[in-house]
There are 2 protein chains.
Amino acid sequence: MDVARKDIHNSQIPVVCRSCEARHGGVCGALSSGQLIELNRHSVRREVSAGCEIVGQGEAVCRYSSVLRGVVKLSKMMSDGRQQIVGLQFSPDFLGRLFLHESTLTAEAATDTEICSFPRPILDRMIAETPELGHRLHSQALQELDDARDWMLTLGRKTAQEKVASFLYMIATHIDPDSADCATFDLPLSRADIGDFLGLTIETVSRQITKLRKLGIITVENNRHVTVPDLDRLNTAAGND
Amino acid sequence: MDVARKDIHNSQIPVVCRSCEARHGGVCGALSSGQLIELNRHSVRREVSAGCEIVGQGEAVCRYSSVLRGVVKLSKMMSDGRQQIVGLQFSPDFLGRLFLHESTLTAEAATDTEICSFPRPILDRMIAETPELGHRLHSQALQELDDARDWMLTLGRKTAQEKVASFLYMIATHIDPDSADCATFDLPLSRADIGDFLGLTIETVSRQITKLRKLGIITVENNRHVTVPDLDRLNTAAGND
DNA sequence: CGTTATCTTGACTGCTGTCAAGTTATGTGG
DNA sequence: CCACATAACTTGACAGCAGTCAAGATAACG
């Protein structure tokens with residue numbers, strides 16, 4: 001490509017956006033350079049460390065965000081404290097509930113994360129102006145719905161062993177999407193979080209991880225670092241054929 | 001309203017659509033009379049009796065539908081036969097997976113139902129032409145996502161008693177939306193289906209219904225007809241405060 | 001009225017939760 | 001770098017809730 005033309009092209013894109021992941025797969029990829037410049041004027045890029053809340057259940061949502069790095073957990077809590085994680089968001093996922101004033105759930109950083117957030121009214125307007133943007137968000141919503149329904153099968157019908165294997169398989173394929181047959185990764189969630197995701201207690205999660213280790217399906221170092229020598233075998237243990 | 005004008009207005013709407021529920025809350029409400037006439041030329045209105053499949057898991061989706069009457073259950077099945085119902089669709093819900101060639105789940109009539117179905121390409125084109133239509137479908141998808149995530153909390157963290165109470169409360173508020181404090185309705189699902197929705201066995205569902213009866217929270221006639229004298233009490237039994 | 005499907009109830013088993021103790025990581029100040 | 005404190009995780013013993021298997025009751029249907 002002509003270097004001069006490339007420079008001209010890049011000069012139309014805000015500096016902070018140039019190397020941003022969300023500009024390709026994420027919402028910003030659907031914006032014109034003019035829209036990107038405008039959105040960027042009002043957006044805030046910030047680090048959120050593990051455990052910090054991004055939005056609370058029932059809170060008014062006045063900003064949307066893109067996940068740039070790390071993992072965000074979406075959860076719901078009952079009044080007596082019982083909790084269920086209902087989804088995980090990875091880069092470059094969009095974060096925020098369109099068409100509704102209040103958030104229906106809590107969003108919290110599971111690992112140290114980086115997010116880029118922008119005022120709601122500006123994006124709402126851009127959605128109305130840009131069909132491609134609405135389409136992307138619609139498409140992501142339907143993908144999340146498919147994921148949620150897959151997880152309902154896991155929660156309702158699988159054994160503890162299959163649940164833990166399903167979780168590990170999901171993480172392996174999300175974090176390390178290249179490798180087809182084996183995978184290595186750091187767990188983004190604590191045992192407590194895994195329990196809240198799978199509808200199990202910490203103890204049961206721990207016991208099932210130990211069993212998978214003894215079966216040779218996974219190896220674990222330092223509690224968080226997992227290696228899966230054979231993804232198909234893990235997938236079978238997850239009950240998926 | 002002037003009778004003559006009303007006649008002129010109605011003459012622009014296909015006869016079969018005039019008294020159709022889906023024309024207001026459903027997708028057709030977002031269409032111009034011209035679009036409605038065109039869509040109607042290609043649409044088929046048909047009865048589907050209880051237990052009949054509308055689309056199968058993994059099948060190509062070549063038609064979308066609106067639910068006009070009755071209840072449609074959406075379910076997923078594992079290879080060994082374990083099944084999970086992941087959603088119920090009532091009139092005037094839209095049925096079909098946008099932006100994806102294959103259905104990710106099975107749709108089956110839970111009760112005797114009536115649906116209006118139309119070719120996929122025609123609606124896809126209308127969505128591209130009509131922002132309001134895309135917006136409605138997007139909005140319904142997000143509502144279904146909220147519902148799915150609420151149900152994940154039920155599946156993962158509630159007891160059998162709370163699950164059954166949650167199910168009855170959900171049905172009561174969907175079928176009989178008028179009455180604020182008490183409700184009477186016919187269950188649209190068999191005990192087996194309720195089990196598949198709640199991640200329980202038939203026997204456990206039956207036992208919990210018996211318990212709720214003995215507690216005076218519900219009364220049941222002929223197995224299917226339920227009366228809830230105090231919805232708040234049922235909601236408390238469901239674990240929602 | 002008989003047959004079949006659906007639902008209920010009972011007895012018992014087993015998986016997962018609860019409670020408790022022990023072990024391994026992580027982080028901090030000396 | 002080490003000692004200590006704290007958090008996170010693992011393991012064990014036991015209990016209880018929901019599943020399994022079996023029989024009986026009720027409703028639906030021809």
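So that the names make sense, note that chain A is the first sequence line, chain B the second, and so on, each numbered from 1. Just so you know, these numbers use all the heavy atoms, side chains as well, and skip hydrogens, waters and symmetry mates.
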> With R233(B), which residues qualify under salt bridge (charged side-chain N to carboxylate O under 4.0 Å, His left out), at least two apart?
Replying inline: none

>> So, using side chain to side chain donor-acceptor pair (under 3.5 Å) as the criterion, who are the partners of S65(A) when residues are at least two apart?
In response: none

> Under the side chain to side chain donor-acceptor pair (under 3.5 Å) test, which residues partner D150(B), sequence neighbours left out?
Replying inline: K76(A)

>> Students should find this one: the first and last nucleotides of DNA chain D, 5' to 3', lying under 4.0 Å from a heavy atom of chain A. What are they?
In response: dC9(D) to dA13(D)

> Cut-off 3.5 Å, side chains only: do S49(B) and D112(B) have a donor facing an acceptor?
Replying inline: no

>> For R213(B), give me all partners under salt bridge (charged side-chain N to carboxylate O under 4.0 Å, His left out), at least two apart in sequence or on another chain.
In response: none

>> At a heavy-atom distance below 4.0 Å, what parts of residues 149-164 of chain A sit against DNA chain D?
In response: none

> With sequence neighbours left out, what residues match R120(A) under salt bridge (charged side-chain N to carboxylate O under 4.0 Å, His left out)?
Replying inline: D124(A)

> Can you list, by residue number, the residues of residues 192-207 of chain B that have a non-hydrogen atom closer than 4.0 angstrom to DNA chain C?
Replying inline: I202(B), E203(B), S206(B), R207(B)

>> According to side chain to side chain donor-acceptor pair (under 3.5 Å), who are the partners of S91(B), at least two apart in sequence or on a separate chain?
In response: E21(B)

> Considering the terminal five base pairs at each end of the helix from dC1(C)-dG30(D) to dG30(C)-dC1(D), what angle separates the two local helix axes, rounded to 10°?
Replying inline: 40°

> Which residues pass the salt bridge (charged side-chain N to carboxylate O under 4.0 Å, His left out) test with R191(A), sequence neighbours left out?
Replying inline: none

>> Can you list everything that forms a side chain to side chain donor-acceptor pair (under 3.5 Å) with S117(A)? Sequence neighbours excluded, please.
In response: R63(A)

